[in-house]
**Student:** 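Before I ask anything, let me first share the structure, which is written out below as structure tokens.
Note that the coordinates shown come from a computational prediction; the quantities given were computed from them, not determined experimentally. Per chain, numbering begins at 1; letters A, B, ... match sequence-line order.
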Protein chains: 2
Amino acid sequence: MKTRIIREAIQLFGERGFDGTSIQSIAETVDIRKPSLLYHFKSKEELRDEAIKYLISRWVNELPRLLTNAVSGYDRFSSIIMSLVSFFLKDANRARFALREMLDRPGEIGELVKLQLSPWNKMIVDYIELGQKGETIRKDLNPRAYIMQVMLMVLGSVAMGDAASVIFELDSEPSGARIDELVRIARESLFTQPDKVEQKKKKKAATD
Amino acid sequence: MKTRIIREAIQLFGERGFDGTSIQSIAETVDIRKPSLLYHFKSKEELRDEAIKYLISRWVNELPRLLTNAVSGYDRFSSIIMSLVSFFLKDANRARFALREMLDRPGEIGELVKLQLSPWNKMIVDYIELGQKGETIRKDLNPRAYIMQVMLMVLGSVAMGDAASVIFELDSEPSGARIDELVRIARESLFTQPDKVEQKKKKKAATD
DNA sequence: CCTACCGATCGGTAGG
DNA sequence: CCTACCGATCGGTAGG
């Protein structure tokens with residue numbers, strides 16, 4: 001029951017925001033009375049806390065799978081970004097809830113995410129810095145700031161896809177041009193010369 | 001008085017969200033009583049509407065100035081992006097309010113922004129497509145989707161700078177590495193070969 | 001622009 | 001997990 005409440009809370013917090021969602025309305029969707037919900041969570045704030053922790057840990061737990069399953073038809077990098085997107089795309093309210101929490105209480109959420117994400121963050125930073133010592137990744141790139149901007153595009157594209165589609169007259173189908181362009185931007189601004197990397201890949205594939 | 005209320009409303013809606021802000025609290029910051037505020041705006045929803053319209057028109061009205069003042073020390077493109085950022089950076093709650101509105105009611109806000117932004121949007125799309133016919137801008141770029149992603153980075157960097165700084169361990173000073181990297185990403189993923197463009201510029205400057 | 005006031009809903013508790 | 005209930009606050013109105 002507890003996790004069912006949390007899952008519904010993420011939906012409603014994501015759609016309408018924390019202050020726009022009454023615990024009454026959450027209780028209704030899981031078909032119990034309000035005081036019963038407050039038996040599982042001492043307060044609305046506690047439910048919020050458990051919900052964001054649940055979302056973060058779900059995401060971090062899927063990261064290894066997202067990174068390893070990432071070699072499909074596309075080249076490896078694009079495939080990683082797309083599986084990252086697809087995690088949030090499976091349920092856009094995850095991205096909306098995450099964004100709203102960052103707006104509502106930047107400090108707390110920042111610390112929370114940092115704690116769970118830091119090993120992965122370090123891994124990617126190291127990978128980028130290694131590529132910068134070689135010739136594959138652009139030297140005038142700030143690894144941490146780069147990762148942050150890509151994450152903003154990922155979360156933003158999913159969470160605000162509806163509004164953005166209207167504004168820029170894009171088709172609102174989620175896996176459409178928006179995501180392709182996001183992948184392209186992330187790729188082109190990361191690697192030194194796409195051609196060189198592509199050639200390397202193809203050469204390697206040919207010799208394999 | 002009306003515009004003073006609107007300005008304070010943007011602050012508070014941006015900080016705490018629409019549902020997290022009582023009209024009572026807005027009335028207090030402008031030092032009147034609640035019913036007096038409701039004399040200017042029939043309802044809280046009407047205040048919301050006028051506030052977002054005020055913000056959008058303010059932004060659109062500054063666009064010409066942002067685009068023409070844009071030739072400073074930096075190259076033209078970077079300068080345009082940075083003055084775009086600086087409009088929201090002057091007051092981060094503008095960006096927060098805009099983002100929150102897109103989350104709360106994507107359809108209405110989408111239409112509203114589209115209406116006021118479409119001439120500017122068309123201008124930039126035309127500029128990009130022209131560059132694509134030439135050799136300056138990458139041909140595998142979706143103009144509308146590109147503009148959308150850049151706008152997401154601009155708004156996101158400003159609105160969620162605090163949380164993102166904590167997560168990715170970046171200095172929280174606003175005009176720091178985050179914005180530089182955003183400009184770099186937007187630039188590198190737009191132009192075909194930065195070197196070529198740079199050389200052209202320098203050549204032109206030399207012959208001038 | 002104010003005082004006085006309203007019904008509805010909010011988060012939360014008592015007690016079982 | 002429930003019924004019954006609470007004080008506080010919400011958006012909004014009457015009437016001046």
**Student:** State plainly whether the residues A/Lys34 and A/Glu28 are in salt-bridge range, i.e. N to O under 4.0 Å.
**Tutor:**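 Not counted as a salt bridge, because no side-chain N and carboxylate O are separated by less than 4.0 Å.
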**Student:** Does any nucleotide pair with C/dG16 by Watson-Crick or G-U wobble geometry, both distances under 3.5 Å, and what is it?
**Tutor:**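 For C/dG16, the partner nucleotide comes out as D/dC1, under the 3.5 Å rule.
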**Student:** Side chains of A/Glu181 and B/Asn142: do they bring a donor and an acceptor to under 3.5 Å?
**Tutor:** no
**Student:** Under 4.0 Å between any heavy atoms, over every strand shown, what does A/Ser25 touch: base, sugar-phosphate, or nothing? Just pick one.
**Tutor:** nothing
**Student:** Any side-chain donor-acceptor pair under 3.5 Å between A/Arg178 and A/Ser165?
**Tutor:** yes
**Student:** Taking all atoms of both residues into account, what is the closest heavy-atom pair of B/Asp19 and A/Gly20, and its distance?
**Tutor:** OD2-CA, 3.5 Å
**Student:** With a 4.0 angstrom cut-off to heavy atoms of chain B, pull out the first and last contacting nucleotide of DNA chain C, in 5'-to-3' order.
**Tutor:**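 Counting from the 5' end, contacts occupy C/dC1 to C/dA4.
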**Student:** Could you let me know what D/dT9 is paired to, Watson-Crick or G-U wobble, both distances under 3.5 Å, or none if it's on its own?
**Tutor:**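 Paired with D/dT9, as far as the under-3.5 Å criterion goes, is C/dA8.
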**Student:** Should the pair A/Lys2 and A/Tyr54 be classed as cation-pi, given the thresholds of under 6.0 Å to the six-membered ring centre and 45° from the axis?
**Tutor:** no
**Student:** Regarding A/Ser118 and A/Asn121, is there a side-chain donor-to-acceptor distance under 3.5 Å anywhere?
**Tutor:** no
**Student:** Under a 4.0 Å heavy-atom cut-off, which of residues 32-46 of chain B touch DNA chain D?
**Tutor:** B/Lys34, B/Pro35, B/Leu38, B/Ser43, B/Lys44
**Student:** Looking at A/Arg58 and A/Glu62, is any side-chain nitrogen of the basic one under 4.0 Å from a carboxylate oxygen of the acidic one?
**Tutor:**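 No, this pair does not count.
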**Student:** Ignoring hydrogens and angles, tell me if any N or O in the side chain of B/Lys90 forms a donor-acceptor pair with the backbone of B/Val85 under 3.5 Å.
**Tutor:** no
**Student:** Report the residue (A/Phe18 or B/Asp31) whose heavy-atom-nearest nucleotide on DNA chain C is the more 5′ of the two.
**Tutor:** B/Asp31
